[in-house]
Amino acid sequence: IGSLLKNRDGKPKIEKKEDLGAETVDGQECKKISALMKFPNGMKSNVTAWLAQSLKGFPIKIAADFNTPQGIAGTNTTTFTNIEKTEPDEALFSIPKGYVKYKNLVEVATEGKLGSRLEKKPAGKRKLFQ
């Protein structure tokens, strides 16, 4: 089945979408939705998702029923449990020792020597290279 899913040939189109109300999953109040999706290769999948309201609509449960053009049918269910909403450690966002922070890709490409041509210079003093 994995090889069939890899050969879906592009993004699916949502043929039908339906609101199925509210349901609690793993202690989370969820909005339950259903969508019928069709892939360019003819494969269809009916997906039901439970979107946790307190987690900004994160899908804590997804059930996908599928039928392939070859006549293979099945269901794939994914459930996320023990979800913890935490703040990442500040150290993850600090620049490591020995690394340099650049303002833009031009500075990266020129190791900070050229700056950015996109920065506005006073009229009459514009230079392509610094």
Side-chain angles (χ1 to χ4, degrees):
I1 291 178
S3 63
L4 291 171
L5 293 176
K6 284 182 185 177
N7 296 323
R8 293 183 295 209
D9 301 327
K11 293 183 180 181
K13 290 183 181 177
I14 297 175
E15 291 187 338
K16 180 181 172 186
K17 188 175 176 183
E18 187 178 356
D19 186 346
L20 302 177
E23 195 172 306
T24 302
V25 177
D26 196 34
Q28 297 280 343
E29 284 296 317
C30 297
K31 179 180 179 181
K32 186 177 177 182
I33 62 164
S34 176
L36 177 61
M37 300 188 312
K38 183 177 181 182
F39 292 86
N41 70 352
M43 186 172 129
K44 288 188 176 186
S45 181
N46 188 28
V47 177
T48 304
W50 290 259
L51 311 174
Q53 300 303 306
S54 65
L55 299 172
K56 298 181 181 180
F58 180 80
I60 63 170
K61 182 177 180 181
I62 305 165
D65 298 324
F66 59 88
N67 292 302
T68 70
Q70 297 81 8
I72 300 171
T75 301
N76 179 12
T77 303
T78 303
T79 306
F80 295 94
T81 59
N82 300 320
I83 298 169
E84 292 183 28
K85 196 173 172 183
T86 61
E87 291 295 320
D89 186 353
E90 289 270 336
L92 294 171
F93 300 97
S94 63
I95 299 170
K97 208 174 210 175
Y99 285 79
V100 177
K101 180 178 179 179
Y102 293 108
K103 293 179 187 175
N104 53 57
L105 289 175
V106 173
E107 286 188 5
V108 172
T110 63
E111 296 180 349
K113 294 176 185 163
L114 291 183
S116 173
R117 296 185 319 204
L118 300 176
E119 292 176 5
K120 292 187 176 185
K121 306 280 185 202
K125 295 186 177 183
R126 293 181 184 207
K127 294 180 182 179
L128 183 59
F129 299 103
Q130 292 180 343

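Everything numeric in this text was worked out from a predicted model, so none of it was measured. Note that these values count all heavy atoms, side chains included, but never hydrogens, waters or copies made by symmetry.
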message: Could you report the tightest heavy-atom contact between Met37 and Pro12, atom names first, then the distance?
response: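 Distance-wise, the nearest heavy atoms are CB-CB, 4.0 Å.
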field: Atom of Thr77, atom of Ala63 and distance for their closest heavy-atom approach
entry: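 Minimum heavy-atom separation between Thr77 and Ala63: OG1-CB, 4.0 Å.
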- prompt: Would Ile14 and Val47 show up in the same hydrophobic cluster when neighbours are defined by side-chain heavy atoms closer than 4.5 Å?
  reply: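 Yes, same cluster.
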field: Hphob cluster co-occupancy, Tyr99 + Val108, side-chain heavy atoms under 4.5 angstrom
entry: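 No; Val108 is not reachable from Tyr99 via cluster members.
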Who pairs with [X] by side-chain contact (heavy atoms from CB on, under 4.5 Å), at least two apart in sequence or on another chain?
{"X": "Ser54", "value": "Gln28"}
{"X": "Phe58", "value": "Leu55, Ile60, Phe80, Ile83"}
{"X": "Leu20", "value": "Glu18, Lys32, Ser34, Thr48"}
{"X": "Asp26", "value": "Thr81"}

query: Side chains of Pro59 and Leu51: closer than 4.5 Å at any heavy-atom pair?
result: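 Pro59 reaches Leu51 side chain to side chain.
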Just distance, no hydrogens or angles: give the donor-acceptor pairs under 3.5 Å from side chains in residues 87-94, sequence neighbours left out.
unit_1, atom_1, unit_2, atom_2, d
Asp89, OD1, Ala91, N, 3.2
Ser94, OG, Ala91, O, 3.0

- prompt: Which value, rounded to the nearest 0.5 Å, describes the distance between Thr75 atom OG1 and Asn46 atom CG?
  reply: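 If we round to the nearest 0.5 Å, Thr75:OG1 and Asn46:CG are 9.5 Å apart.
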field: Point-to-point distance, once rounded to the nearest 0.5 Å, from NZ of Lys101 to CD of Glu107
entry: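 Between Lys101 NZ and Glu107 CD, I get 11.0 Å after rounding to 0.5 Å.
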query: Who are the side-chain hydrogen bond (donor to acceptor under 3.5 Å, both in side chains) partners of Thr78, not counting sequence neighbours?
result: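 If we apply the side-chain hydrogen bond (donor to acceptor under 3.5 Å, both in side chains) test to Thr78, skipping adjacent residues, there are no hits.
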message: Is it the case that the side chain of Thr24 and the backbone of Glu29 share a donor-acceptor pair, with hydrogens and angles ignored and the cut-off at 3.5 Å?
response: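 No, the answer is negative, given that no donor and acceptor are paired below the 3.5 Å cut-off.
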